[in-house]
Amino acid sequence: RYQEFMAGFMIINQKLKEVFRMISIGGDAELELQDTFNPFLEGIAFSVRPRNKAWTQIDRLSGGEKTLSSLALVFGLHYFKPSPFYMMDEIDAALDTRNVSIIGHYIKKFTVNCQFIVISLRAEMYDLFERRIIGVFKPDGCTRTVAIDPREFSKSHLKQPSPPP
Amino acid sequence: RYQEFMAGFMIINQKLKEVFRMISIGGDAELELQDTFNPFLEGIAFSVRPRNKAWTQIDRLSGGEKTLSSLALVFGLHYFKPSPFYMMDEIDAALDTRNVSIIGHYIKKFTVNCQFIVISLRAEMYDLFERRIIGVFKPDGCTRTVAIDPREFSKSHLKQPSPPP
Amino acid sequence: MIIKNIVVHNFKSFHGTHVIGPFFKGMSSVIGPNGSGKSNVLDSILFVFGYRASKIRTKKVSMLIHNSAKFPNCNSCTVTVNFVQILDNNGPQEDAQEIPGTEVEVSRSAFKDNSSHYTLDGKRVQFKDIAVKLQNHGVDLTNGRFLILQGEVEQIAQMKPKAENENDTGLL
Amino acid sequence: MIIKNIVVHNFKSFHGTHVIGPFFKGMSSVIGPNGSGKSNVLDSILFVFGYRASKIRTKKVSMLIHNSAKFPNCNSCTVTVNFVQILDNNGPQEDAQEIPGTEVEVSRSAFKDNSSHYTLDGKRVQFKDIAVKLQNHGVDLTNGRFLILQGEVEQIAQMKPKAENENDTGLL
Ligand SMILES: Nc1ncnc2c1ncn2[C@@H]1O[C@H](COP(=O)(O)OP(=O)(O)OP(=O)(O)O)[C@@H](O)[C@H]1O
Ligand SMILES: Nc1ncnc2c1ncn2[C@@H]1O[C@H](COP(=O)(O)OP(=O)(O)OP(=O)(O)O)[C@@H](O)[C@H]1O
Ligand SMILES: [Mg+2]
Ligand SMILES: [Mg+2]
């Protein structure tokens with residue numbers, strides 16, 4: 001059992017590092033066993049080194065840095081034990097516009113074989129979703145939704161006659 | 001003492017209503033005494049009616065609706081007991097772009113006689129701050145700040161020679 | 001396996017019957033103004049997956065039944081999630097083929113007396129039957145890490161060391 | 001009365017001495033990438049206003065002293081806030097005139113042994129002297145509602161009824 005755990009732990013740690021390095025462009029992250037000989041006793045600590053900075057415990061990071069660390073962990077765990085779909089609500093609330101775009105593009109590459117449903121208020125995120133948008137609105141106290149294919153919009157837009165010269 | 005409290009309470013409630021109606025464009029809000037004869041015992045409840053919807057207790061609202069209710073309360077209290085300055089960190093995290101803009105414009109009108117320092121990641125908010133921007137950056141692990149006057153930028157931009165025809 | 005659509009009936013801010021979707025393999029975004037009902041879409045999934053009321057931002061399941069000034073008298077709410085399997089082709093999303101006959105329909109209804117029941121492909125079942133069925137398709141309801149609720153993302157990294165350990169042990 | 005500038009020395013992510021500002025009457029925005037130090041600017045105000053370490057996202061005040069790979073050996077941190085009074089003219093911000101001679105300088109330093117001391121206009125004082133001085137200028141430190149920390153805005157409206165009552169009674 002210890003063997004299985006250590007094998008899984010090494011994979012998750014490796015994937016976490018890969019993902020975090022990619023989304024923080026120069027940072028690094030690490031899962032450390034508090035007690036190497038008895039991992040089930042003391043647990044696992046999560047340390048992060050944001051780009052250009054020192055290794056820190058998670059609780060000293062800023063809101064945006066914590067968000068990136070959490071997402072790296074979720075994406076890292078996915079490689080070890082994939083889930084067929086993910087549903088995420090406003091994961092970009094604390095991210096600056098550049099990081100919203102980085103996470104959005106990562107999800108885009110990442111979802112080659114997996115379904116992602118993302119609730120977002122940030123244009124830098126939802127503008128990347130070219131295939132399916134669910135629009136939610138509440139005209140009179142009752143919610144209605146509509147499924148939109150943005151590519152159909154741009155196609156029909158192209159079909160329009162060019163404006164008179 | 002009861003008289004003073006009721007007088008203050010009426011003013012705060014009135015101002016809260018005015019502010020909330022303005023920022024929610026059709027909604028309403030209300031502070032209610034749980035026990036009209038003994039307000040110090042049971043406390044005050046905060047009810048909100050978002051535009052087009054029913055009166056609800058705060059805990060049933062969405063993240064953005066709670067944020068708007070909180071800000072209406074803060075701005076309402078200011079009329080009763082003004083503070084010379086306010087400092088707010090990412091109050092727009094849960095707001096859609098339209099509400100970010102509404103709050104930004106409200107702060108703009110509101111700060112006629114008061115100082116507001118707003119930390120924000122949303123362009124719809126900080127683009128409205130035409131006089132002073134503090135840029136914060138961390139090139140190598142140590143924070144540096146710079147004070148910018150955006151109007152100087154646009155002036156020098158206008159001074160540039162027009163491109164050759 | 002992917003979520004094909006979600007059918008809600010009198011659930012939270014939805015009055016009447018609404019089909020949310022269709023969704024496909026790959027990425028879908030859910031957008032709309034504050035208070036429109038986006039998080040309620042996620043809540044519908046939490047509901048069908050057996051989460052208790054406090055995780056669905058409410059005290060009792062009866063409060064999930066639609067209740068508005070216009071329609072104050074709804075007696076029950078139902079959420080049905082339709083899953084389907086797709087051919088894994090590692091290719092662009094457009095080519096994902098739905099495999100006919102692999103549809104799975106999971107449904108939960110809740111009533112004013114706070115009772116609720118589950119159905120799987122139309123048959124009344126216990127919640128654990130649904131948990132097993134989903135587990136066989138790779139959806140691990142004990143771990144729930146494929147769902148990130150509004151406001152929760154920052155604390156995933158901040159889990160106590162022991163909690164992280166349980167998380168990883170749970171994965172194995 | 002407005003904040004004219006904030007001078008930080010070895011405080012959190014600031015190494016050395018930095019002047020943040022100048023600020024004027026009206027609105028200023030603080031912008032920058034995640035982790036750059038924006039909330040640390042607000043923390044510097046909390047520090048000078050006597051907030052305890054747990055409200056400044058740290059366990060002990062000694063952890064507010066700058067500590068990085070490059071500069072691991074700072075012994076103390078200091079934050080000085082310079083206030084000044086302005087002529088209230090109800091006009092556009094540009095016209096606000098600073099009134100010479102009304103400057104107020106509030107400062108706090110913290111050391112590795114977790115001790116800290118305060119100065120007011122250069123003189124060592126107790127924190128309560130600062131609280132009184134600020135109170136006279138309309139800054140009510142007991143109420144703190146003019147400061148909204150990152151992640152806090154939603155819960156202002158969700159205060160328990162009794163807490164809201166204390167809040168209002170405090171105002172009167
Ligand atoms: N049982 C119910 N009946 C009717 N309306 C309800 C019910 N439960 C919740 N609501 C309403 O649903 C709305 C909240 O919806 P939701 O949280 O999905 O919004 P949202 O789109 O996620 O907004 P935000 O962007 O602010 O997070 C609230 O206005 C609330 O009053
Ligand atoms: N004592 C200290 N010495 C050096 N660096 C510190 C110290 N305390 C905190 N920091 C660093 O300051 C950074 C946090 O800064 P801050 O919270 O101000 O960021 P922010 O600009 O508000 O980011 P966000 O937009 O994500 O909220 C972290 O990277 C943290 O490591
Ligand atoms: Mg929401
Ligand atoms: Mg911050």
Side-chain angles (χ1 to χ4, degrees), chain A residues 24-28 47-57 60-68 70-71 87-104 118-129 133-145, chain B residues 24-28 47-57 60-68 70-71 87-104 118-129 133-145:
Chain A
S24 65
I25 315 181
D28 202 352
S47 315
V48 169
R49 182 182 65 70
R51 181 174 78 236
N52 285 332
K53 295 185 199 175
W55 283 95
T56 335
Q57 277 308 318
R60 260 228 195 175
L61 299 180
S62 77
E65 290 172 329
K66 283 177 189 165
T67 297
L68 292 175
S70 293
L71 292 174
M87 209 162 167
M88 302 187 166
D89 196 346
E90 290 191 33
I91 53 173
D92 46 24
L95 297 179
D96 60 48
T97 49
R98 180 163 166 266
N99 278 328
V100 174
S101 174
I102 288 173
I103 291 296
V118 172
I119 302 171
S120 175
L121 299 169
R122 311 288 292 271
E124 298 84 9
M125 173 66 71
Y126 57 71
D127 281 351
L128 297 173
F129 288 56
I133 290 177
I134 303 290
V136 183
F137 53 107
K138 210 181 202 179
D140 55 359
C142 295
T143 294
R144 305 173 60 80
T145 66
Chain B
S24 65
I25 315 183
D28 202 355
S47 316
V48 169
R49 182 183 65 72
R51 182 173 77 237
N52 287 333
K53 296 185 199 175
W55 282 96
T56 334
Q57 276 309 317
R60 260 229 197 176
L61 298 179
S62 77
E65 291 172 328
K66 283 177 188 162
T67 297
L68 292 175
S70 294
L71 292 173
M87 209 161 168
M88 302 186 168
D89 196 345
E90 290 190 33
I91 53 172
D92 46 23
L95 297 181
D96 60 48
T97 50
R98 180 163 166 266
N99 278 328
V100 174
S101 175
I102 288 173
I103 291 295
V118 173
I119 300 171
S120 175
L121 297 169
R122 311 288 293 271
E124 299 83 9
M125 173 67 71
Y126 58 71
D127 281 351
L128 298 172
F129 287 56
I133 292 176
I134 304 291
V136 184
F137 53 108
K138 209 178 199 180
D140 55 1
C142 296
T143 294
R144 303 173 62 80
T145 64

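Convention: sequence-line order gives letters A, B, ...; per-chain numbering from 1.
In terms of modelled atom types and a separation under 3.5 Å, the side chain of A/Asn52 and the main chain of B/Pro139 share a donor-acceptor contact.
Put simply, CG on B/Asp96 and CZ on A/Arg122 are 12.0 Å apart, with the number rounded to the nearest 0.5 Å. Atom NZ of A/Lys138 and atom OG of B/Ser62 lie 7.5 Å apart (nearest 0.5 Å).
Contact count against chain B (heavy-atom pairs under 4.5 Å) is highest for A/Asp140 among A/Asp92, A/Thr97, A/Asp140.
Within 6.0 Å of atom CZ in B/Arg144, 12 or fewer heavy atoms from other residues, nucleotides or ligands are found, so the atom counts as exposed in its surroundings.
For B/Arg51, no part sits under 4.5 Å from any heavy atom of chain A, backbone or side chain.
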